[in-house]
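Here's the structure we're looking at; comments come further down.
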Amino acid sequence: MASRSTPGDGSGSLAGGPGSGGGGPVGPFVFPPFHAFPPAYTVQPTASTRARQVELWVACILDYCRHYRLFWLGVEGHGGLFRNDQVDRRLSAKDAHFFLSALVSRGGGRWEGAAGGSSAAAAGGHGGSSSSGGSGDGRGGGGGGRVLVYWRSPAAWGDLIYKWVEATARNGTVMTLYEVRLGEDARGQEFYDLDVQLACDALAALQAAGKCALFSSDTSDDLGVKFL
């Protein structure tokens, strides 16, 4: 059975990570056994079974996105994540939306357009999932949209950035988000080429911790930040 993953520091992947800063090519993701079980592709009606099903899908999504360094995921999935051709099964858009909603409710991401840097997400927590697997926050939806996946929490990304700031004596300096994400001095760091919106969430977590000051709420590479 798949082990349970949490949106924490990015360690503990079932399949292993791609390496720092987007690294080189990675091997194929090894799906957990439940992925070949046909009933896994339909949201189960029994609460206890559904709760376990949600745990498995949430863990699989986090590990898959970590493995391929994916930051955004929609109901259509990516590669073979939401389908298994060998058993001729795939998640419907409605059921994929349900499992993505469960991921979000546990602090594993946020829907596109939602405010970032929430306390649950920034802390890498689970965000109040229910024993029924979140049956009230996605089952009746089935719409589109994308989720910004926190396979590493914004707070953990912020910690990586701040360690680099301290190691390179950048405390007290003002930088743009572009310099943090894509500057020459950041090349080779794990946060190099980090998604813009996730980088903003990471800096918001740092600001909440009193480690930086942001000069704008805009989500763009022009965002200014002073590290304290």
Side-chain angles (χ1 to χ4, degrees), residues 2-32 34-35 40-41 54-85 90-91 93 95-114 116-118 121-122 124 126-127 138 143-158 160-161 177 180-182 186 188-202 205 219 221:
S3 60
R4 185 169 181 173
S5 289
T6 59
D9 63 2
S11 62
S13 170
L14 291 176
S20 349
V26 297
F29 180 74
V30 179
F31 286 102
F34 90 91
H35 196 265
Y41 294 86
V54 164
E55 287 183 4
L56 292 172
W57 273 113
V58 167
C60 184
I61 291 169
L62 289 172
D63 283 328
Y64 182 94
C65 291
R66 182 184 297 115
H67 182 79
Y68 289 114
R69 198 177 165 86
L70 293 178
F71 298 115
W72 290 97
L73 186 65
V75 296
E76 71 281 358
H78 177 277
L81 177 58
F82 288 162
R83 74 171 196 271
N84 189 319
D85 295 337
R90 70 167 56 237
L91 288 176
D95 287 352
H97 187 276
F98 170 75
F99 292 119
L100 288 174
S101 293
L103 174 78
V104 169
S105 75
R106 292 171 176 227
R110 65 175 173 88
W111 289 103
E112 186 173 22
S118 67
H126 291 286
R146 301 189 301 167
V147 168
L148 179 58
V149 181
Y150 292 158
W151 46 264
R152 173 179 278 140
S153 71
W157 282 116
L160 288 176
I161 293 171
L177 181 59
V180 174
R181 292 195 321 114
L182 294 167
Q189 299 296 318
E190 289 188 74
F191 57 82
Y192 185 79
D193 201 19
L194 186 63
D195 176 83
V196 171
Q197 293 197 33
L198 184 52
C200 286
D201 290 356
T219 303
D221 276 328

Are any non-hydrogen side-chain atoms of [X] and [Y] less than 4.5 angstrom apart?
X: L160; Y: R152; result: yes
X: F99; Y: V54; result: yes
X: V149; Y: W72; result: no
X: L103; Y: L62; result: yes
X: C65; Y: L73; result: yes
X: Y192; Y: L182; result: yes
X: R69; Y: W151; result: yes

- prompt: Which residues pass the side-chain hydrogen bond (donor to acceptor under 3.5 Å, both in side chains) test with R90, sequence neighbours left out?
  reply: none
message: According to side-chain hydrogen bond (donor to acceptor under 3.5 Å, both in side chains), who are the partners of E112, at least two apart in sequence or on a separate chain?
response: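 Counting only residues at least two positions away or on another chain, E112 forms a side-chain hydrogen bond (donor to acceptor under 3.5 Å, both in side chains) with R146.
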- prompt: Are the ring centres of H97 and W111 closer than 6.0 Å?
  reply: yes
query: Can you tell me how far the CG atom of L70 sits from the CG atom of L148, to the nearest 0.5 Å?
result: 11.5 Å
message: Nearest 0.5 angstrom please: L100 CG to S105 OG, how far?
response: 11.0 Å
Between [X] and [Y], what is the shortest heavy-atom contact and its length?
X: L198; Y: F71; value: CD2-CD2, 3.6 Å
X: V180; Y: F191; value: O-CE1, 3.2 Å
X: L81; Y: C60; value: CD1-SG, 4.0 Å
X: Y150; Y: G107; value: CD1-O, 3.7 Å

task: Start with the C-alpha distance between Y41 and H35, add both sets of side-chain angles, then the distance that settles ring-ring contact (aromatic ring centres under 6.0 Å, His included), and finish with yes or no.
output: CA-CA 8 Å; Y41 294 86; H35 196 265; 5.7 Å; yes
query: Is there a donor-acceptor contact under 3.5 Å from the side chain of R181 to the main chain of L194?
result: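 Pair found, side chain donor or acceptor close to backbone of L194.
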message: Taking D201's backbone N and O only, do any of them form a donor-acceptor pair with W157's side chain (distance below 3.5 Å, no angle check)?
response: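 The answer is no, because no donor-acceptor pair under 3.5 Å joins these two groups.
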message: Between L91 and W57, is the side chain to side chain contact (heavy atoms under 4.5 Å, CB included) condition met? List the steps.
response: CA-CA 11 Å; L91 288 176; W57 273 113; 4.0 Å; yes
- prompt: Can you tell me if Y64 and H78 form a side-chain donor-acceptor pair at under 3.5 Å?
  reply: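 A donor-acceptor contact under 3.5 Å links the two side chains.
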